[in-house]
There are 2 protein chains.
Amino acid sequence: MGESLIKICIVEDNKYMREGWQTILDFEPDFCVLGAYNSCESAFESGEINRSNVVLMDIELSGMTGIEGVRYLKIHQPKINVIMATVFDDDRNIFDALCAGAVGYLTKKVSPEELCHAIRDAYRGGSPMTPQIARRVISSLHESPDDETKLNERELQILNQLATGNSYKTIAEEIFLSVDGVRYHIRNIYEKLQVNNRSEAVAKGLKKRII
Amino acid sequence: MGESLIKICIVEDNKYMREGWQTILDFEPDFCVLGAYNSCESAFESGEINRSNVVLMDIELSGMTGIEGVRYLKIHQPKINVIMATVFDDDRNIFDALCAGAVGYLTKKVSPEELCHAIRDAYRGGSPMTPQIARRVISSLHESPDDETKLNERELQILNQLATGNSYKTIAEEIFLSVDGVRYHIRNIYEKLQVNNRSEAVAKGLKKRII
DNA sequence: TGAAACACTGCATATTCATGCAGTACTAAC
DNA sequence: GTTAGTACTGCATGAATATGCAGTGTTTCA
């Protein structure tokens with residue numbers, strides 16, 4: 001593993017960027033650029049991409065976008081480490097790309113050194129990204145003590161039961177309460193969560209990560 | 001901002017580790033260790049912690065655990081950047097800590113240089129963590145093409161409507177279909193998701209990240 | 001040309017849910 | 001010692017949901 005070449009493919013529609021990257025990467029002794037393509041379609045057609053260890057993928061491509069491309073690759077060649085490269089660093093793009101299967105996310109202003117480091121990092125099982133992007137990803141995990149959505153123990157317990165699909169009757173049996181007792185708490189849950197039915201409550205609970 | 005000191009607190013129950021860190025950090029010209037405590041309780045009592053920019057928190061503490069500590073801090077002093085330091089690097093701990101509000105996660109085998117770098121990184125809005133931990137976090141975001149839970153466009157559309165709490169009638173109006181047409185798809189969704197009611201379907205859809 | 005498979009529509013019925021109103025028991029505060 | 005709040009129980013009713021069965025029209029494959 002130590003001496004093996006890292007096989008790389010580049011998918012980027014801007015010719016100058018693409019060739020610039022290729023030149024930089026080819027200069028590294030442990031890198032081998034298998035191919036550089038201007039679209040996902042041409043990259044997938046070539047077949048070279050299937051042999052690569054790391055793919056550097058632009059996000060804004062005509063035809064199949066980079067996000068669609070990474071999703072496709074993730075399904076067909078899950079071992080390939082895709083690094084997204086983009087001029088955009090808005091939350092939506094970052095999340096869509098990472099959720100679709102990218103392991104890292106770089107903005108295009110990275111230096112050649114950072115680029116090379118990121119590729120090695122991705123190859124070795126890391127997740128290269130700028131500290132700012134890392135922070136955004138982490139922030140998305142944080143529990144939101146945002147508003148006054150404070151459910152107590154009993155309510156959380158019941159909301160969890162709601163999410164499992166149990167009927168009021170079953171819930172009542174599970175938690176040793178009357179059906180009307182269950183009802184009582186559910187009314188309160190609905191009010192606190194500002195919803196008026198079961199599935200909306202479950203959706204909100206899951207989105208707010210309180211269950 | 002450039003010349004300001006980074007104010008740091010350490011919460012770590014192992015005396016040698018705690019003093020070792022303090023010595024390392026005190027040696028840096030841009031760091032100022034406000035206090036070093038052996039428990040969350042003593043740290044919070046002192047009040048110094050409220051003035052700090054970065055807190056280095058052990059995860060395995062007696063009394064209030066590091067995770068409870070970071071959750072408490074996040075609520076009361078949300079601007080403080082907490083870095084979790086631990087000998088454990090299992091998924092459960094990583095996630096609990098990051099979800100509770102930690103911005104970074106280090107294992108205790110970090111070098112002094114890495115530690116200092118991590119603190120500066122956290123202070124500047126980054127999220128210091130080892131590449132392996134970063135990858136685990138990213139992997140958790142990845143869509144799971146795990147099993148045969150393939151809902152088609154229409155079904156996804158309807159499942160999303162279910163999650164908003166709309167009634168069949170409303171959904172039918174929204175997507176220009178008869179109520180029985182909505183019913184038809186919902187039956188199929190239930191079968192594919194192996195559930196038999198609305199909220200269970202919503203819960204499963206959200207957990208599998210397909211909506 | 002015929003059989004499936006798919007995407008609906010239509011209807012019937014038992015179950016479950018949402019919600020309003022009334023009452024009890026316990027605790028803490030004034 | 002009354003008042004207020006919390007945690008229930010109980011009941012009633014209309015609305016929504018789950019599910020079974022019987023169609024129709026279109027596309028696809030043999």
Side-chain angles (χ1 to χ4, degrees), chain A residues 71-72 75 143 145-211, chain B residues 71 75 145-211:
Chain A
R71 187 171 289 124
Y72 176 90
I75 292 168
E143 292 158 0
D146 46 359
D147 42 30
E148 282 309 306
T149 309
K150 304 253 182 217
L151 299 191
N152 61 35
E153 273 309 306
R154 198 100 227 206
E155 288 163 350
L156 284 176
Q157 185 184 26
I158 290 178
L159 186 52
N160 270 297
Q161 291 278 338
L162 286 181
T164 70
N166 286 345
S167 70
Y168 291 3
K169 186 159 155 282
T170 310
I171 296 174
E173 284 160 9
E174 289 274 339
I175 66 172
F176 308 107
L177 206 63
S178 74
V179 173
D180 282 301
V182 173
R183 252 190 252 283
Y184 163 75
H185 287 294
I186 287 176
R187 284 168 215 230
N188 292 340
I189 293 172
Y190 286 179
E191 179 158 14
K192 287 189 185 178
L193 256 37
Q194 290 288 299
V195 300
N196 44 26
N197 64 59
R198 218 183 138 124
S199 33
E200 205 180 346
V202 169
K204 208 148 191 172
L206 282 165
K207 281 177 186 160
K208 281 178 180 286
R209 295 171 195 282
I210 57 183
I211 50 176
Chain B
R71 186 171 291 124
I75 292 167
D146 47 359
D147 43 29
E148 283 309 305
T149 309
K150 305 253 181 216
L151 298 191
N152 61 36
E153 272 309 306
R154 197 101 230 206
E155 288 162 352
L156 284 176
Q157 185 185 26
I158 289 177
L159 186 52
N160 269 297
Q161 292 277 337
L162 287 182
T164 68
N166 286 345
S167 70
Y168 292 2
K169 185 158 156 284
T170 310
I171 296 174
E173 284 160 9
E174 290 273 339
I175 66 173
F176 307 107
L177 206 63
S178 73
V179 172
D180 283 301
V182 173
R183 252 190 253 282
Y184 163 75
H185 287 295
I186 287 176
R187 283 169 216 232
N188 293 339
I189 293 171
Y190 286 0
E191 179 156 15
K192 287 189 185 179
L193 256 39
Q194 291 287 300
V195 300
N196 44 25
N197 63 60
R198 214 180 142 127
S199 32
E200 206 181 345
V202 169
K204 208 148 190 172
L206 283 165
K207 281 177 187 161
K208 280 180 181 285
R209 295 170 194 283
I210 57 183
I211 49 177

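Each chain gets a letter, A, B and so on, in the order its sequence line appears, and its residues count up from 1.
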Measure distances between side-chain N and O atoms of A/Asp180 and base N and O atoms of D/dC11, and say whether any donor-acceptor pair falls under 3.5 Å. yes
Separation of atom CD in A/Glu191 from atom P in C/dT19, rounded to whole Å: 11 Å
In terms of the nearest nucleotide of DNA chain D, which residue is placed more toward the 5' end: A/Asn188 or A/Arg183? A/Asn188
If you measure from CZ on A/Arg154 to CD1 on A/Ile189, what distance do you get to the nearest 0.5 Å? 11.0 Å
Going through the distances and angles, do A/Ile158 and A/Leu151 end up as a side chain to side chain contact (heavy atoms under 4.5 Å, CB included)? CA-CA 10 Å; A/Ile158 290 178; A/Leu151 299 191; over 6 Å; no
OP1 or OP2 of D/dA7 under 4.0 Å from side-chain N/O of A/His185: no
Write down the distance between CD1 (B/Ile175) and P (C/dA7), rounded to a whole number of angstrom. 13 Å
Tell me the interatomic distance from B/Gln157, atom CD, to C/dC8, atom C1', rounded to whole angstroms. 14 Å
Using a cut-off of strictly less than 4.0 Å, decide whether A/Arg154 has a side-chain nitrogen or oxygen near OP1 or OP2 of D/dC8. yes
In whole angstroms, how far is the P atom of D/dT6 from the CG atom of A/Leu151? 14 Å
Nearest-Å distance, CG (A/Asn166) to C1' (D/dT17)? 16 Å
Rounding to a whole Å, what distance do you find between A/Ile186:CD1 and D/dA7:C1'? 15 Å
Could you grab the distance from atom NZ of B/Lys192 to atom CG of B/Asn152, nearest 0.5 Å is fine? 5.0 Å
Kindly say whether, by distance alone, the side chain of A/Asn197 makes a donor-acceptor pair under 3.5 Å with the base of C/dC17? no
Using the closest heavy atom to pick a nucleotide of DNA chain C for each, name whichever of B/Val182 or A/Gly165 lands nearer the 5' end. B/Val182
Mapping B/Leu162 and A/Arg187 to their closest nucleotides on DNA chain D, which lands nearer the 5' end? A/Arg187
Separation of C/dA14 C1' from B/Asn196 CG (nearest whole Å): 15 Å
In whole angstroms, the gap separating P of D/dG10 from CG of A/Leu177 amounts to 10 Å
Would B/Tyr184 and B/Asp180 satisfy side chain to side chain contact (heavy atoms under 4.5 Å, CB included), going step by step from the backbone distance to the final call? CA-CA 6 Å; B/Tyr184 163 75; B/Asp180 283 301; over 6 Å; no
By the 4.0 Å heavy-atom rule, please label A/Arg198 as base, sugar-phosphate, or nothing. sugar-phosphate
Which nucleotide in the set C/dC8, D/dG10, C/dT19 lies at the smallest distance from any side-chain heavy atom of B/Tyr184? C/dC8
Out of C/dC17, C/dT19, D/dT9, minimum distance to the side chain of A/Ser167 belongs to C/dC17
Which atom of B/Leu177 lies closest to which atom of B/Val182, heavy atoms considered: CD2-N, 3.9 Å
